[in-house]
**Q** 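This is the structure, below, for whatever I ask next.
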There are 2 protein chains.
Amino acid sequence: MIRGLLSVLLVLVAVAVSSSLAKPEKNIAKRGKRIPQTLSRGWGDQLIWAQTYEEALYWARAQNKPLMVIFHLEDCPHSASMKKVFAEDKDIQKVADEDFIILNLVYETTDKHLSPDGQHVPRIIFVDPSMTVRADITGRYSNRMYAYEPSDIKLLLSNMQKAKKLLKTEL
Amino acid sequence: MIRGLLSVLLVLVAVAVSSSLAKPEKNIAKRGKRIPQTLSRGWGDQLIWAQTYEEALYWARAQNKPLMVIFHLEDCPHSASMKKVFAEDKDIQKVADEDFIILNLVYETTDKHLSPDGQHVPRIIFVDPSMTVRADITGRYSNRMYAYEPSDIKLLLSNMQKAKKLLKTEL
């Protein structure tokens with residue numbers, strides 16, 4: 001029974017992934033009205049998102065706030081479930097809004113520091129305003145150190161509190 | 001006289017830049033409902049925009065289409081007037097939609113090739129899918145070679161046609 005459900009799920013995922021890959025060319029009704037793309041991509045429509053890593057770094061320095069970078073994929077089920085929990089958690093949304101510069105990306109940057117143990121998704125990386133990637137702030141999984149699952153939402157919040165304690169820059 | 005006008009212009013630019021820089025902190029009513037940010041930023045809500053330069057380059061190569069990068073500032077009046085004309089011109093929108101990978105940025109990238117004669121805005125730079133910045137496709141103004149004004153919209157369209165003729169890569 002569970003196996004049967006899993007098969008159905010796998011088929012659904014496969015369909016979702018293939019339609020996602022084809023998206024920019026095929027999924028768009030050329031005549032129909034499209035929904036404008038948002039920078040939040042569902043991770044919190046009411047938050048202020050940076051568009052690019054360069055912009056996010058600029059704001060982190062200018063406002064002396066830590067940066068939180070969320071790497072995800074539109075049709076990855078793990079990303080989707082994490083996104084839902086993230087967007088619905090009032091504490092997370094409040095802290096993200098008030099104390100962080102935030103950026104969510106579906107394409108990797110060229111900066112290797114943002115993938116200390118590979119480009120797995122969903123992956124959440126904190127960057128100190130001193131421009132230091134906080135590779136020390138990790139999730140629960142030793143093989144994907146920056147991954148979080150919906151059940152890890154409290155850990156994520158406590159990691160955000162950790163990231164808020166800024167590194168002291170040398171004088 | 002020209003010197004006087006220049007001073008006024010410089011003050012205006014300074015005001016525009018500072019108000020634009022202050023935006024994420026000040027322009028937002030913390031209690032009120034915010035409008036979700038869009039990737040189009042008003043340059044064409046119905047078009048499919050890349051989020052970052054890396055993503056745009058990826059799509060340009062993958063789809064063998066030229067990339068058009070629009071640099072602008074939210075509170076620059078020249079950017080605003082160009083944006084209005086760009087968004088309302090059906091020919092421009094159609095060609096941008098069908099034949100280009102498009103990206104609009106309010107923050108500069110680290111790639112110096114995208115500012116061949118400085119970081120003036122609004123500035124439109126074409127990039128061939130061979131990854132070559134088309135520094136040869138310019139507007140009307142010798143001191144800001146990649147700038148366009150609303151009256152230059154036909155020139156922009158003809159430059160888009162030029163960019164569609166892809167560079168031949170050497171065999």
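Computed from a prediction, not measured in an experiment: that's the story for all the values here. Naming: A, B, ... by sequence-line order, numbering from 1 per chain.
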**Q** Between B:T38, B:L39, B:D45, B:V106, which shows the greatest number of heavy-atom pairs under 4.5 Å with chain A?
**A**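 When all of B:T38, B:L39, B:D45, B:V106 are compared, B:L39 has the most.
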**Q** Check for me, please, whether B:L67 and B:I137 land in the same ILVMFWY cluster - side-chain distances under 4.5 Å, paths through other members count.
**A**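 No, B:L67 does not connect to B:I137 through the hydrophobic network.
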**Q** Please report the C-alpha distance between B:L105 and A:E55 in whole Å, then the side-chain angles of each, then the deciding distance to 0.1 Å, and finally whether the side-chain contact (heavy atoms from CB on, under 4.5 Å) criterion is met.
**A** CA-CA 10 Å; B:L105 290 174; A:E55 176 180 347; over 6 Å; no
**Q** Kindly compute the distance separating CZ (B:R41) from CD (A:Q37), expressed to the nearest 0.5 Å.
**A**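 Nearest 0.5 Å value for the CZ-CD distance: 12.0 Å.
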**Q** Could you tell me which portion of A:E54 (side chain, backbone, both or neither) has an atom closer than 4.5 angstrom to a non-hydrogen atom of chain B?
**A**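 The side chain, not the backbone.
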**Q** Hydrophobic clusters here meaning ILVMFWY residues chained together by side-chain heavy-atom distances under 4.5 Å, can you tell me if B:W43 and B:Y53 are in one?
**A**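 No, it is not one cluster - the side chains of B:W43 and B:Y53 are not joined through contacts under 4.5 Å.
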**Q** If you measure from the Lys or Arg side-chain nitrogens to the Asp or Glu carboxylate oxygens, is any gap between B:D97 and A:R34 under 4.0 Å?
**A**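 Counted as a salt bridge, because a side-chain N and a carboxylate O are separated by less than 4.0 Å.
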**Q** Between B:Y107 and A:W59, is a side-chain contact (heavy atoms from CB on, under 4.5 Å) present by the stated rule, with each step listed?
**A** CA-CA 11 Å; B:Y107 283 79; A:W59 283 115; 2.9 Å; yes
**Q** Considering only heavy atoms from C-beta outward, does the side chain of B:T52 approach that of A:T109 to under 4.5 Å?
**A**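 Answer no - side chains too far apart.
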**Q** Measure B:Y58 against the heavy atoms of chain A and call it side chain, backbone, both or neither at under 4.5 Å.
**A**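 The answer is the side chain of B:Y58.
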**Q** In this structure, are over 12 heavy atoms from other groups packed under 6.0 Å from A:H78 atom NE2?
**A**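 Check fails, neighbour count at 12 or below.
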**Q** B:Y148 and B:L73: same hydrophobic cluster, using ILVMFWY side-chain contacts below 4.5 Å?
**A**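 Hydrophobic grouping puts B:Y148 apart from B:L73.
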**Q** For A:Q51 and B:Q51, run side-chain contact (heavy atoms from CB on, under 4.5 Å): C-alpha distance rounded to whole Å, both residues' side-chain angles, the deciding distance at 0.1 Å, then the answer.
**A** CA-CA 6 Å; A:Q51 179 179 357; B:Q51 178 179 355; 4.0 Å; yes
**Q** Need one label for A:L103: side chain, backbone, both or neither, based on atoms under 4.5 Å from any heavy atom in chain B.
**A**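 Just its side chain gets close to chain B.
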**Q** Count I, L, V, M, F, W, Y as connected when their side-chain heavy atoms are under 4.5 Å apart, and connections chain through other members. Are B:L156 and B:L47 then in the same cluster?
**A**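 Yes; tracing contacts between hydrophobic side chains, which count when under 4.5 Å, links both residues.
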**Q** Does B:L155 belong to the same Ile/Leu/Val/Met/Phe/Trp/Tyr cluster as B:Y146, with side-chain heavy atoms less than 4.5 Å apart forming each link?
**A**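 Shared cluster, no.
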